[in-house]
Trainee: 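Shown below is the structure under consideration.
Below, each value reflects all heavy atoms present in this structure, side chains not excepted, and no hydrogens, waters or symmetry copies. When a ligand or atom number is given, it counts from 1 through the structure's own listing order.
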Amino acid sequence: CSAPASVSVVSGSDGPGVSEERELSTETTSSPVIYNPHTSMSIEKQRQKLPVFKHRNHILYLVESYQTVVIVGETGCGKSTQIPQYLLEAGWAAEGKVIGVTQPRRVAAISVASRVAEERGALLGHEVGYTIRFDDCSDPHATRIKFLTDGMLVREMMADPLLKKYSVLMLDEAHERTLYTDIAIGLLKKIQKKRRDLRLIVASATLDAKKFQEFFNLNESGDPAKDTCGILTVEGRTFPVDVFYTVSPVPDYVKATVETVLKIHETEDDGDVLAFLTGQEEVEKVVSMLVEQARALSRYGMKKHLRVLPMYAGLPYAEQMKVFERVPPTVRKVIVATNIAETSITINGTVFVIDCAFVKMRAYNPRTAIESLVVTPISKAAANQRAGRGGRNRPGKCFRLYTEEDFEKLPPSTVPEMQRTNLAPVILQLKALGIDNVLRFNFLSPPPAQSMVQALELLYALGGLDQYGRLTDPMGVRMAEFPLSPMFAKMLLESGNFGCSKEIVTIAAMMQIQNIFVVPANQKKAAREHRKFAVAEGDHLTMLNVYEAFIKVRKSSQWCQDHFLNYKGLLRAVTVREQLRRLMNKFKVPRTSSEGDPDVILKCIVSGFFANAARLHHSGSYRTLRDDRELHIHPTSVLYAEKPPKWVVYNEVVQTSKYFMRDVTAVESSWLVELAPHFYKQAKHGSLSSKRSKVI
Ligand code: CDP
Ligand code: MG
């Protein structure tokens with residue numbers, strides 16, 4: 001695979017949007033797995049032992065007989081790795097056709113593809129390959145089984161609306177109900193009506209199969225013999241997992257995670273540990289606490305060593321891959337992960353799972369039009385997925401850091417992302433795929449109508465849709481093609497005209513990286529260093545300063561250390577910037593520079609982010625211009641604890657005890673009226689009010 005597994009600029013599933021998972025990697029993929037003839041027997045035996053193997057013929061029969069087959073099976077039973085191979089062996093990839101398997105996450109697409117290639121004794125990228133954004137490790141002639149993210153599949157539909165090269169598509173991990181899985185589901189139903197030969201397999205780990213079946217059954221005759229969708233349930237999992245609960249609720253799950261890891265290390269037999277937390281910060285905190293403990297333990301002469309590894313989407317790809325490396329018997333691996341490790345991937349050797357019961361996810365409030373990242377309790381289905389990570393190679397144990405009573409209170413399944421997200425990116429892509437009437441699109445779970453209307457209004461104000469709701473050309477068409485949220489796309493596409501594309505592309509790249517400022521134990525000294533970059537305008541220009549200074553010192557890691565800056569993050573920003581630059585060239589955005597004039601840059605930011613505007617309230621907090629909702633400046637912003645500017649725009653909102661704006665910049669109110677006349681109008685006394693536009 002020639003291309004490095006590179007940047008994702010935003011969400012985990014290769015679609016545009018906001019996400020905690022801001023960024024992927026820049027480093028090259030590890031070398032492909034090479035066939036080892038000595039292991040072929042054992043792999044073959046392992047394959048036959050999987051619960052799904054007993055159903056091989058029945059699955060093939062169902063795929064022959066029905067246009068869609070829903071397969072439900074517990075995690076680890078062999079859905080992702082085996083079913084595509086059964087189809088290949090049965091001839092579904094004859095005559096140059098491809099068996100496509102979608103995954104909600106990039107890391108899953110790569111790791112499952114690697115495993116299947118290994119099982120087949122093939123070099124990754126030939127018979128078995130994968131395609132994720134900016135990294136195509138497949139061969140258009142040779143690849144027969146292709147793993148791809150659900151976001152990529154939707155993108156492929158733009159070039160090939162009927163997906164003609166595929167004979168079968170398996171929508172894997174459909175229970176996750178990510179935004180792009182749901183979009184793919186709606187679009188594939190449409191395609192199936194035109195392509196009766198296209199087979200669809202919907203693989204899910206939970207029992208929501210009936211919903212999928214009803215959705216995909218095209219039989220309107222009432223005669224069950226004419227059903228077009230079949231169901232199969234695969235019983236059993238590879239190995240049992242014992243689940244343990246706490247007797248009483250834990251006050252601090254971060255601390256409890258560390259304690260549980262140490263307890264396992266002291267009292268349990270061999271086996272690696274996988275702990276789930278909600279985000280990068282928590283993961284890093286637990287990692288550093290454990291690393292410290294591990295040092296102490298080795299001083300006390302503990303026989304086994306701990307190797308602690310983080311795993312989150314923002315980590316460079318090469319470091320993510322470290323979690324898959326085997327360790328010597330004298331070492332116990334502890335992986336501290338976000339929900340990136342919850343489904344699809346098998347981390348060999350994992351026996352013990354620690355589950356904190358929480359996840360960070362997107363939430364969208366259609367009443368206030370605020371999209372935020374919020375830490376919420378997981379669902380029962382997700383808790384079972386997490387536990388399942390422990391039983392994939394041998395019997396496992398799952399330690400839930402909550403009581404059994406609290407488990408019972410969890411919702412049965414997670415609300416589909418479609419129903420809790422800002423829909424502007426979705427609508428833009430549907431429009432680009434020729435779906436004009438998005439309100440009547442066949443959604444598996446329709447989003448709230450209000451979210452739709454808000455998304456249409458925003459796209460109209462951004463200039464991506466015209467007053468009839470049609471995609472504008474070139475702006476709307478290009479925005480749809482841009483693998484970033486429409487607000488970022490607009491800002492970048494307009495930057496040439498504003499005369500600051502050089503600076504804006506840097507700012508956009510820096511906004512994809514979390515935690516550029518490192519906050520060590522000696523906070524005061526770090527804060528002093530950070531202040532050297534800070535400017536009164538806010539975070540965007542501060543980040544521009546940091547980046548430019550980093551380039552000036554020739555990307556020195558020592559310099560980053562001296563100034564408490566995230567060296568790896570900055571290196572990633574360089575790569576992200578390069579990717580964005582290439583896209584801008586493709587769209588012929590002129591290369592211009594503001595030559596030190598900040599207002600030009602700020603106006604350009606407003607041209608994309610005007611909808612995220614807030615004004616200072618006399619109480620000292622802020623209020624959104626759209627809906628008068630209370631917001632606060634995030635403590636990580638350079639504007640925090642400074643004299644608050646009157647008007648600001650922000651990138652995103654994080655919700656904890658309050659709604660916090662992250663990446664905030666001061667603006668002039670007149671720019672909002674000037675640059676978003678469809679969105680805001682000047683009311684009496686010079687203040688702004690938001691205006692409802694008419695587009696539907
Ligand atoms: O998709 P599903 O959760 O049903 O299972 P899978 O990903 O197909 O994996 C089936 C089994 O293959 C796992 O339970 C592991 O025993 C094994 N496997 C492995 O050992 N190493 C991998 N990288 C992937 C799978
Ligand atoms: Mg799977």
Trainee: Any chance NZ of K190 has more than 12 other-residue heavy atoms, nucleotides or ligands included, within less than 6.0 Å?
Mentor: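 Not buried by this count: 12 neighbours or fewer within 6.0 Å.
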
Trainee: Backbone, side chain, both or neither: what part of V112 comes under 4.0 angstrom of ligand 1, heavy atoms only?
Mentor: neither

Trainee: If I apply the N/O under 3.5 Å rule, does L50 come out as touching ligand 1?
Mentor: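 Looking only at distances, the answer is no, because the N/O contact criterion of under 3.5 Å is not met.
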
Trainee: Under 3.5 Å, side-chain donor or acceptor atoms of residues 52-65 against the rest of the protein: list the pairs with distances, not counting sequence neighbours.
Mentor:
{"residue": "R56", "atom": "NH2", "partner": "E89", "partner atom": "OE1", "Å": "2.8"}
{"residue": "S65", "atom": "OG", "partner": "Y61", "partner atom": "O", "Å": "2.7"}

Trainee: Nearest 0.5 Å please: distance from the OH atom of Y130 over to the CE atom of M152.
Mentor: 12.0 Å

Trainee: Would you say the Mg ion (ligand 2) has T81 as a near neighbour, meaning an N/O/S atom of that residue under 2.8 Å away?
Mentor: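 No, outside the cut-off.
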
Trainee: Please assess V353 against F276 for the test side-chain contact (heavy atoms from CB on, under 4.5 Å), listing each intermediate value before the final yes or no.
Mentor: CA-CA 8 Å; V353 172; F276 287 98; 3.8 Å; yes

Trainee: Looking at E214 and K210, does any basic side-chain N land under 4.0 Å from a carboxylate oxygen?
Mentor: no

Trainee: Whether E127 and R120 form a salt bridge (side-chain N of Lys/Arg under 4.0 Å from carboxylate O of Asp/Glu) is what I want to check.
Mentor: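 Looking at R120 and E127, the cut-off is met.
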
Trainee: Do any heavy atoms of C77 fall under 4.0 Å from ligand 1?
Mentor: yes

Trainee: Test: salt bridge (charged side-chain N to carboxylate O under 4.0 Å, His left out). Region: residues 326-338. Which pairs qualify, not counting sequence neighbours?
Mentor: none

Trainee: Using a 4.0 Å heavy-atom threshold (strictly under), name the region of V52 that reaches ligand 1: side chain, backbone, both or neither.
Mentor: neither

Trainee: Below the 3.5 angstrom mark, is there an N/O of T81, backbone or side chain, next to an N/O of ligand 1?
Mentor: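 By distance alone, the answer is yes.
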
Trainee: Between R115 and ligand 1, which part of the residue brings a heavy atom under 4.0 Å of the ligand: side chain, backbone, both or neither?
Mentor: side chain

Trainee: Restricting to N/O/S, name the atom of E173 that gets closest to the Mg ion (ligand 2).
Mentor: OE2

Trainee: Which of parallel (below 30°), tilted (30 to 60°) and perpendicular (above 60°) describes Y245 and F407?
Mentor: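 Rings of Y245 and F407: tilted, 30 to 60°.
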
Trainee: Show which atoms of ligand 1 fall inside a sub-4.0 Å distance from at least one heavy-atom site of N348.
Mentor: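 Heavy-atom distances to N348 below 4.0 Å select 19 (C), 20 (O), 21 (N).
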
Trainee: Are any of the N/O atoms in E173 less than 3.5 Å from those in ligand 1?
Mentor: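 Between E173 and ligand 1 (N or O atoms, distance only) the closest approach is not under 3.5 Å.
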
Trainee: Could an N or O of ligand 1 be found under 3.5 Å from any N or O of S80, whether backbone or side chain?
Mentor: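 There is such a contact, yes.
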
